[in-house]
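All figures in this text were calculated on a predicted structure; none of them were measured in a lab. All heavy atoms count here, side chains included; hydrogens, waters and symmetry mates do not. Letters A, B, ... are given to chains in the order of the sequence lines, protein chains preceding strands, and every chain is numbered from 1.
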Amino acid sequence: MAEDKLPTRAEDFSEWYNQLVVKSDLADYAPVRGCMVVKPYGWALWENITSWLDGEFKKTGHVNAAFPTLIPLSFFEKEKEHVEGFSPQLAVVTIGGGELLEEKLVVRPTSETIIGYMYSKWVQSWRDLPILIVQWGSVMRWEIRTKLFLRTAEFYWHEGHTAHADADEALEEMYRILDIYEKFCLEEAAIPVFKGPKSESERFPGAQITTSIEAMMWDKRALQSGTSHYFGTNFAKAFDIKFLNKKNELQFAETTSWAISSRIIGAMIMVHGDDHGLVLPPRLAPIQAVVVPIFKNDDEKTKVMEVADRVFAELKAAGIRIKMDDRDNVSSGFKFNDWEMRGVPVRVEIGPKDVEKGSVALARRDKPGREGKTFVSQTGLSSTVSLLLSEIQDSLLKRATEYRDANIHEPKDYEDLKRIVADGWAFAYWCESLECEAKVKEEAKATTRNIPMNQPDQEGVCIVCGRPSKRKVYFARAY
RNA sequence: CGGGGCGUAGCGCAGUCCGGCUAGCGCGCUUGCUUUGGGAGCAAGAGGUCGCAGGUUCGAAUCCUGUCGCCCCGACCA
């Protein structure tokens with residue numbers, strides 16, 4: 001329950017986040033260190049996210065399937081970079097049914113290996129391709145420093161795994177998914193993102209190309225919010241995914257994988273949230289509007305509830321996800337704060353004065369306090385609220401985009417870059433060498449985020465070493 | 001691996017040094033009455049093997065021994 005005030009974001013952003021996740025009723029700490037319990041309110045939000053993504057994947061020809069949680073440890077040793085990348089983070093099962101296992105089993109940290117193994121059995125001919133499978137589930141990585149939604153030992157996601165007959169088709173798939181992710185962030189989550197390839201050192205273990213979408217949080221740190229990888233034939237060779245092509249030649253398949261996780265909820269919290277609590281984008285909010293009836297006695301209650309019930313039914317019939325807050329053990333003031341903490345986009349307040357005037361008070365969550373409160377007619381309320389919801393959706397994206405853009409700067413020189421990334425993002429030419437990237441990481445604690453796509457033809461010099469460069473990259477401190 | 005801290009009600013804590021009456025406090029919870037347009041008040045209640053095991057003692061949350069778990073700092077690793 002939202003009994004206490006949050007620390008402000010400016011006071012302690014990290015503590016603000018930790019308390020908000022619990023107080024907004026999204027999640028709770030589990031008895032196992034680093035694990036979280038996603039509560040019904042948080043899961044409802046996740047379901048809205050997953051059902052939109054699931055719809056897009058199906059529209060583009062993908063199908064869902066389920067692979068096992070347990071993977072033979074030996075599978076991880078088949079791809080060199082993959083095992084190096086993941087072995088420190090593996091949870092390993094060594095005992096089953098009271099007996100020591102002959103082959104240790106890993107609780108999946110990601111499923112390329114077991115899916116690759118299965119694909120090798122399923123793919124014989126060019127006619128078997130492409131395979132476009134998505135798995136929805138959870139994975140486990142033994143993280144040292146955890147934070148609810150952002151980095152937990154177990155987290156929820158979808159992982160797409162596709163196999164194709166040639167590189168062009170696999171690359172096209174990687175970018176197709178990246179576009180879906182971008183569309184999701186912009187249109188659903190109201191989070192502006194940059195999409196593009198990651199640097200070599202920031203690639204997924206085993207990938208030839210890793211692309212990402214990158215978002216700026218309120219504290220100006222970057223959060224990788226989704227990834228789409230092209231493996232070339234790396235995993236096909238490790239797992240022997242081969243087929244006979246149209247020319248009757250044996251050939252390795254080209255594979256991809258991609259994911260958005262429950263971490264995206266952390267992104268929404270840190271992009272839109274304010275000092276009063278969560279601010280959810282209307283398109284994903286489990287509750288889009290809440291009705292709060294206000295009365296002093298039974299006589300008023302009867303009159304107010306009559307209107308409140310009618311309003312509730314009307315909004316519900318209009319397809320708005322609506323909740324009636326008829327709790328009688330807490331005050332109206334408590335309810336206002338409570339729903340603000342939970343990020344509900346619109347609050348409909350109905351009191352005795354409204355019953356008289358035929359009005360209701362509408363409070364929009366993105367503008368807290370008096371500024372966001374208006375009195376409107378009960379007549380045509382469902383369309384008023386629908387309009388307001390879409391206005392809030394647009395305004396959240398606009399606000400987040402302006403904030404982000406105001407905090408990205410183009411450094412004049414290397415010293416300038418160091419200054420900028422201390423409190424913002426730097427956008428600069430980079431020669432794409434590992435040395436220059438490592439230098440920035442060491443000296444400025446900032447990593448390259450990605451090289452945004454669709455850059456114009458241009459010539460410049462690397463911000464670090466001064467060598468000629470054609471593409472700019474974002475540098476930022478990241479989560 | 002080294003150093004430090006903490007385990008007492010759902011949550012946050014006091015009490016432990018210096019053993020002693022029925023183990024307290026705040027929040028939350030239950031019930032009732034009054035309240036409700038920006039985080040209500042009063043009253044009466046419920047809730048505890050004091051992390052676990054053993055020991056000392058007439059008597060242990062408190063002293064001793066062992067043990068488990070968690071947190072912080074450093075080192076190591078990336």
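Within the shown strands, B:rC68 is the pairing partner of B:rG7 under the Watson-Crick or G-U definition, both distances less than 3.5 Å. Judged by Watson-Crick or G-U wobble contacts below 3.5 Å, the nucleotide B:rU30 has B:rA44 as its partner. Across all strands shown, the partner of B:rC13 is B:rG24, judged by Watson-Crick or G-U wobble contacts whose two distances both fall under 3.5 Å. The pairing partner recorded for B:rG19 is none, the criterion being a Watson-Crick or G-U wobble arrangement whose two distances lie under 3.5 angstrom. Judged by Watson-Crick or G-U wobble contacts below 3.5 Å, the nucleotide B:rU35 has no partner. Across all strands shown, B:rC73 is found opposite B:rG2 as a Watson-Crick or G-U wobble partner, with both distances under 3.5 Å. When Watson-Crick and G-U wobble pairs are counted only if both distances are under 3.5 Å, B:rU56 pairs with no nucleotide at all.
You'll find that the side chain of A:A361 is closest to B:rG37, out of B:rG38, B:rU36, B:rG37. Closest to the A:K373 side chain, of the nucleotides B:rA40, B:rG37, B:rG38, is B:rG38. Nearest nucleotide to the side chain of A:R347, out of B:rG37, B:rG38, B:rU36: B:rG38. Nearest nucleotide to the A:E340 side chain, out of B:rG39, B:rU36, B:rG38: B:rG38. Taking the side chain of A:N337 as heavy atoms from C-beta on, and the options B:rG38, B:rA40, B:rU36, the nearest nucleotide is B:rG38.
On the P atoms, B:rG74 is 39 Å away from B:rG26, given to the nearest whole Å. B:rG24 and B:rA9 have their C1' atoms separated by 11 Å, given to the nearest Å. Atom P of B:rU8 sits at a distance of 11 Å from the matching atom of B:rA14, rounded to the whole Å. Taking atom C1' in both B:rU34 and B:rC71, the straight-line distance is 45 Å, to the nearest Å. For the P atom pair drawn from B:rU65 and B:rC76, the interatomic distance equals 34 Å after rounding to whole Å. Between B:rG4 and B:rA40, the two C1' atoms lie 44 Å apart (nearest whole Å). Comparing the P positions of B:rG54 and B:rC17 gives an interatomic distance of 22 Å, to the nearest angstrom. Taking atom C1' on both nucleotides, B:rC52 is separated from B:rA61 by 14 Å, rounded to a whole Å.
Between A:D338 and A:K335 there is no salt bridge, since none of the side-chain N atoms of the basic residue sits less than 4.0 Å from a carboxylate O of the acidic one. Ion pairing of A:K418 with A:E415 is present here, as a side-chain N (NZ or NE/NH1/NH2) and a carboxylate O approach within less than 4.0 Å. At a threshold of 4.0 Å, the pair A:K220-A:D423 counts as salt-bridged, since one of the basic side-chain nitrogens sits closer than that to a carboxylate oxygen. Between A:R342 and A:D25 a salt bridge is recorded (basic side-chain N to carboxylate O distance below 4.0 Å). Using a cutoff of 4.0 Å between basic side-chain nitrogens and carboxylate oxygens, A:R347 and A:E349 are scored as salt-bridged.
If you check every strand for non-hydrogen atoms under 4.0 Å, A:F375 touches a base. The residue A:K335 sits apart from the nucleic acid: no heavy atom pair falls under 4.0 Å.
Rounded to whole Å, the distance from CG on A:N297 to P on B:rU35 is 8 Å. The CD-P distance, from A:Q89 to B:rA78, rounds to 14 Å in whole Å. Distance NZ (A:K23) to P (B:rC11): 16 Å, rounded to an integer number of Å. The interatomic distance linking A:F336 (CZ) with B:rG37 (P) rounds to 7 Å, in whole Å. Separating the NZ atom of A:K296 from the P atom of B:rU35 is a distance of 10 Å, rounded to the nearest angstrom. Going from atom CG of A:D338 over to atom C1' of B:rA40 covers 15 Å, rounded to whole Å. Per the geometry, CG belonging to A:L90 stands 20 Å off P belonging to B:rC77, to the nearest Å. Rounded to an integer number of Å, the gap from A:H276 NE2 to B:rG39 C1' is 12 Å.
Ring to ring, A:F86 and A:F76 are not that close: their centroids are 6.0 angstrom or more apart.
Between A:S332 and the phosphate of B:rU36, there is no side-chain N or O to OP1/OP2 separation shorter than 4.0 Å.
Here the NZ-CZ distance, from A:K323 to A:F312, works out to 8.5 Å after rounding to the nearest 0.5 Å.
Remark: A:E402 pairs with A:K398 by the side-chain hydrogen bond (donor to acceptor under 3.5 Å, both in side chains) rule, at least two apart or across chains.
In the interface, the side chain of A:R370 is not paired with the base of B:rG38 through any donor and acceptor atom under 3.5 Å apart. For A:D354 and B:rG37, a side-chain-to-base donor-acceptor distance below 3.5 Å is present, hydrogens and geometry of angles not being considered.
Toward the 5′ end of RNA chain B lies the nearest nucleotide of A:D328, the other residue of the pair A:G369 and A:D328 mapping further downstream.
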